[in-house]
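Can you read through this structure? Questions will come right after.
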Amino acid sequence: MKAFWSRFRQNRGAVIGLVIIAIVIACAIAAPFLFPRSPWSMVQRPFLPPFEMDGLPLGTDALGRDVLSGLFHGARVSLLVGLVSTVVALAIGIPIGALAGYYGGLVDDALMRFTEFFQTIPSFALAIVLLAIFQPTLSYVILAIAIVSWPPVARLVRGEVLSLRNREFVEAATLSGQSNLRIILRQVLPNALPPIIVLASLMVATAILLESSLSFLGLGDPNVMSWGYMIGAARTVLRSAWWLSFIPGVAILLTVLALNLIGEGLNDALNPRLRKRTS
């Protein structure tokens with residue numbers, strides 16, 4: 001663990017990204033304590049500019065709602081959607097990729113054709129279709145994002161398992177009489193974790209962007225405040241109240257950038273080839 005953290009710290013961008021994500025997480029946790037009132041509540045006159053009134057440092061939106069409160073509560077939604085949808089996508093993609101890579105043959109062909117079916121449809125378009133079929137609640141938003149996010153996971157895991165299934169330790173486990181399921185869970189998948197972890201960090205960023213885009217189009221949960229909703233609600237007043245779109249846009253930019261920097265740092269720390277170069 002110390003060696004991993006030492007390699008991770010060598011990437012300054014990754015450390016900066018980790019600090020930014022820590023701040024976003026702190027804002028999400030502190031939101032109900034700093035802003036116990038609902039972010040939908042009207043607190044002052046509409047279109048109050050930032051830093052013009054004490055207690056409202058970022059001003060108010062078109063309906064007189066506190067922008068800072070919406071920003072903090074929106075962090076909760078963005079992180080929740082990003083993390084949960086990524087976990088669900090991993091839960092779908094890892095078993096499919098592992099089975100396809102380990103067994104090969106007809107199993108591989110069938111599972112990869114199934115995966116390619118989802119990849120032939122653009123992710124954003126498929127998410128819109130799914131939310132048009134189901135209700136645009138937060139649970140269905142998470143499910144829709146997970147459904148369009150798992151195919152890259154399956155392909156990555158399949159490739160890793162293909163490169164590992166003929167290794168000596170797998171053959172030794174087979175000769176010792178271990179079942180295929182035990183070999184996959186105990187021998188193969190633990191050695192395939194580093195690239196999966198890196199991909200997962202990038203998937204969280206992609207999920208946050210996708211949720212923001214859906215909320216911008218009005219396909220998000222109308223009962224929760226999110227950064228995408230804040231931008232979408234302010235697009236008609238972009239010239240007269242530019243800060244209403246700019247502030248949540250910067251929040252999305254910094255969060256996604258931070259997650260990508262963390263993913264790069266994880267890749268540097270977990271990549272075996274880079275580990276050999278630095279040793």
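All values below come from the heavy atoms of this structure, side chains included, with hydrogens, waters and symmetry mates left out.
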Do other residues, nucleotides or ligands put more than 12 heavy atoms under 6.0 Å from Ile133 CD1?
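Yes - once you tally the heavy atoms of other residues, nucleotides and ligands closer than 6.0 Å, there are more than 12.
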
With a 4.0 Å cut-off on N to O distance, would you call Asp108 and Arg158 a salt bridge?
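Salt bridge: yes.
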
Of all heavy-atom pairs between Met225 and Val77, which one has the smallest distance, and what is that distance?
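Distance-wise, the nearest heavy atoms are O-CG2, 3.1 Å.
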
Mutual orientation of the aromatic rings belonging to Phe8 and Trp5 [parallel < 30°, tilted 30-60°, perpendicular > 60°]:
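Phe8 vs Trp5 ring planes: parallel.
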
Would you call Cys27 and Arg76 a side-chain contact if the rule is heavy atoms closer than 4.5 Å?
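No. Closest side-chain heavy atoms not under 4.5 Å.
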
Quick check: do Phe47 and Leu244 have side-chain heavy atoms less than 4.5 Å from each other?
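Contact flag for Phe47/Leu244 side chains = yes.
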
Side-chain (Ser78) to main-chain (Ala75) donor-acceptor, under 3.5 angstrom
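Side chain of Ser78 to backbone of Ala75, a donor-acceptor pair under 3.5 Å: no, none is there.
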
What are the two closest non-hydrogen atoms of Pro222 and Pro136, and how far apart are they?
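In terms of heavy atoms, the two residues are closest at CD-O, 3.6 Å.
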
Does the side chain of Gln187 reach to within under 4.5 Å of the side chain of Arg182, using non-hydrogen atoms?
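Heavy-atom side-chain distance check fails, nothing below 4.5 Å.
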
Side-chain heavy-atom pair Leu259, Ser201 within 4.5 angstrom cut-off
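Not in contact.
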
At their closest point, which heavy atom of Ser212 faces which heavy atom of Ile252, and how far apart are they?
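What the structure gives for the nearest pair is OG-CD1, 3.4 Å.
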
Assert yes or no for the condition that the ring centre distance of Trp227 to Phe246 is strictly below 6.0 Å.
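Not under 6.0 Å, so no.
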
Could you state the interatomic distance from CG (Leu18) to CG (Asn11), rounded to the nearest 0.5 Å?
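Rounded to the nearest 0.5 Å, the CG-CG separation comes to 11.0 Å.
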
Does Met42 share a hydrophobic cluster with Met230, counting links as ILVMFWY side-chain heavy atoms below 4.5 Å and allowing steps through other members?
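They do not share one cluster, since no chain of ILVMFWY contacts under 4.5 Å joins Met42 to Met230.
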
Mind checking the OG-CD1 spacing from Ser123 to Ile147? Nearest 0.5 Å is all I need.
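Here the rounded value is 12.0 Å.
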
Rounded to the nearest 0.5 Å, what separates atom CG in Leu266 from atom CZ in Arg7?
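Taking CG in Leu266 and CZ in Arg7, the distance rounds to 11.5 Å.
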
With side-chain contact (heavy atoms from CB on, under 4.5 Å) as the criterion, how do Ile96 and Trp150 come out once you've worked through the C-alpha distance, each side chain's angles and the decisive distance to 0.1 Å?
CA-CA 10 Å; Ile96 291 177; Trp150 70 264; 3.7 Å; yes

Arg12 atom CZ: more than 12 heavy-atom contacts under 6.0 Å:
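It does not: Arg12 CZ has 12 such atoms or fewer within range.
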
Any chance you could measure Asn191, atom CG, to Leu164, atom CG, to the nearest 0.5 Å?
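With rounding to 0.5 Å, CG (Asn191) is 5.5 Å from CG (Leu164).
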
Let me check something: do Val250 and Ile20 share a hydrophobic cluster, defined by ILVMFWY side-chain heavy atoms less than 4.5 Å apart, either directly or through other members?
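Same cluster: Val250 reaches Ile20 through Ile, Leu, Val, Met, Phe, Trp or Tyr contacts under 4.5 Å.
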
Measure across Ser85 and Gly82 and return the closest heavy-atom pair with its distance rounded to 0.1 Å.
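Closest approach of Ser85 to Gly82, heavy atoms only: OG-O, 3.3 Å.
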
Is the shortest side-chain heavy-atom distance between Leu210 and Val148 below 4.5 Å?
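Yes, close enough: below the 4.5 Å cut-off.
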
Under a 3.5 Å distance rule, please check whether Asp221 uses its side chain to pair with a backbone N or O of Leu138 as donor and acceptor.
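Flag set: sc Asp221 to bb Leu138 pair under 3.5 Å.
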
Please evaluate residues Tyr140 and Leu130 with respect to the criterion side-chain contact (heavy atoms from CB on, under 4.5 Å), reporting the C-alpha separation (whole Å), side-chain torsions for both, the decisive distance (0.1 Å), and the verdict.
CA-CA 8 Å; Tyr140 282 119; Leu130 291 173; over 6 Å; no

According to a 4.5 Å side-chain heavy-atom criterion applied to Ile, Leu, Val, Met, Phe, Trp and Tyr, with indirect links allowed, do Leu202 and Ile94 form part of one hydrophobic cluster?
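No; tracing contacts between hydrophobic side chains, which count when under 4.5 Å, never links both residues.
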
Can you name the nearest heavy-atom pair linking Ala146 to Ala89, along with the distance?
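So the two residues come closest at O-CB, 3.8 Å.
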
Would you tell me whether Ser215 and Glu211 have side-chain atoms, one donor and one acceptor, within less than 3.5 Å of each other?
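Present: a donor and an acceptor within the cut-off.
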
Within the side chain of Arg165, is there an N or O that forms a donor-acceptor pair under 3.5 Å with the backbone of Gly101?
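Flag set: sc Arg165 to bb Gly101 pair under 3.5 Å.
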
Euclidean distance, Leu126 CG relative to Ile121 CD1, rounded to 0.5 Å:
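Ile121 CD1 to Leu126 CG: 5.0 Å, rounded to 0.5 Å.
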
Find out if a path of hydrophobic residues (ILVMFWY) with successive side-chain heavy-atom gaps under 4.5 Å connects Ile197 to Val15.
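No; tracing contacts between hydrophobic side chains, which count when under 4.5 Å, never links both residues.
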
Take Trp40 and Phe35 through the test ring-ring contact (aromatic ring centres under 6.0 Å, His included) and record every step on the way to the result.
CA-CA 11 Å; Trp40 302 96; Phe35 303 97; over 10 Å; no

Could you give me the CA-CA distance, side-chain angles and deciding distance for Phe216 and Arg235, then say whether side-chain contact (heavy atoms from CB on, under 4.5 Å) is met?
CA-CA 9 Å; Phe216 177 83; Arg235 65 179 181 269; 3.6 Å; yes

Ignoring hydrogens and angles, tell me if any N or O in the side chain of Asn267 forms a donor-acceptor pair with the backbone of Gly263 under 3.5 Å.
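It does not hold such a pair.
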
Got a donor-acceptor contact below 3.5 angstrom from the Thr115 side chain to the Leu111 backbone?
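Yes, the answer is positive, given that a donor and an acceptor are paired below the 3.5 Å cut-off.
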
Heavy-atom closest contact (Ala98 atom, Leu189 atom, distance):
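It is CB-CD2, 4.1 Å.
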
Are Glu52 and Arg45 within salt-bridge range, i.e. N to O under 4.0 Å?
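Looking at Arg45 together with Glu52, the answer is yes, because their closest N to O distance falls below 4.0 Å.
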
Do side-chain atoms of Thr60 reach the backbone of Leu48 as a donor and acceptor pair under 3.5 angstrom?
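Yes, because the side chain of Thr60 sits within donor-acceptor range (under 3.5 Å) of the backbone of Leu48.
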
Between the side chains of Arg155 and Glu116, is the shortest nitrogen-to-carboxylate-oxygen separation below 4.0 Å, so that they form an ion pair?
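A salt bridge links Glu116 with Arg155.
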
Rounded distance (nearest 0.5 Å) linking atom OG of Ser226 with atom CG of Leu71
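Nearest 0.5 Å value for the OG-CG distance: 11.5 Å.
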
Quick check against the 3.5 Å criterion: does Ser69 have a side-chain atom that pairs as donor or acceptor with the backbone of Arg65?
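Answer holds: no.
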
Report yes if the side chains of Pro195 and Leu156 come closer than 4.5 Å at any heavy-atom pair, otherwise no.
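Answer yes - side chains close enough.
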
Compare all side-chain heavy atoms of Met53 with those of Leu56 and state whether any distance is below 4.5 angstrom.
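Answer yes - side chains close enough.
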
Val153 vs Met203 side-chain heavy atoms within contact, under 4.5 Å
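Val153 vs Met203: side chains touch.
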
What about Ile208 and Ile25, same hydrophobic cluster or not, with Ile/Leu/Val/Met/Phe/Trp/Tyr joined at side-chain heavy-atom distances under 4.5 Å?
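Hydrophobic grouping puts Ile208 with Ile25.
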
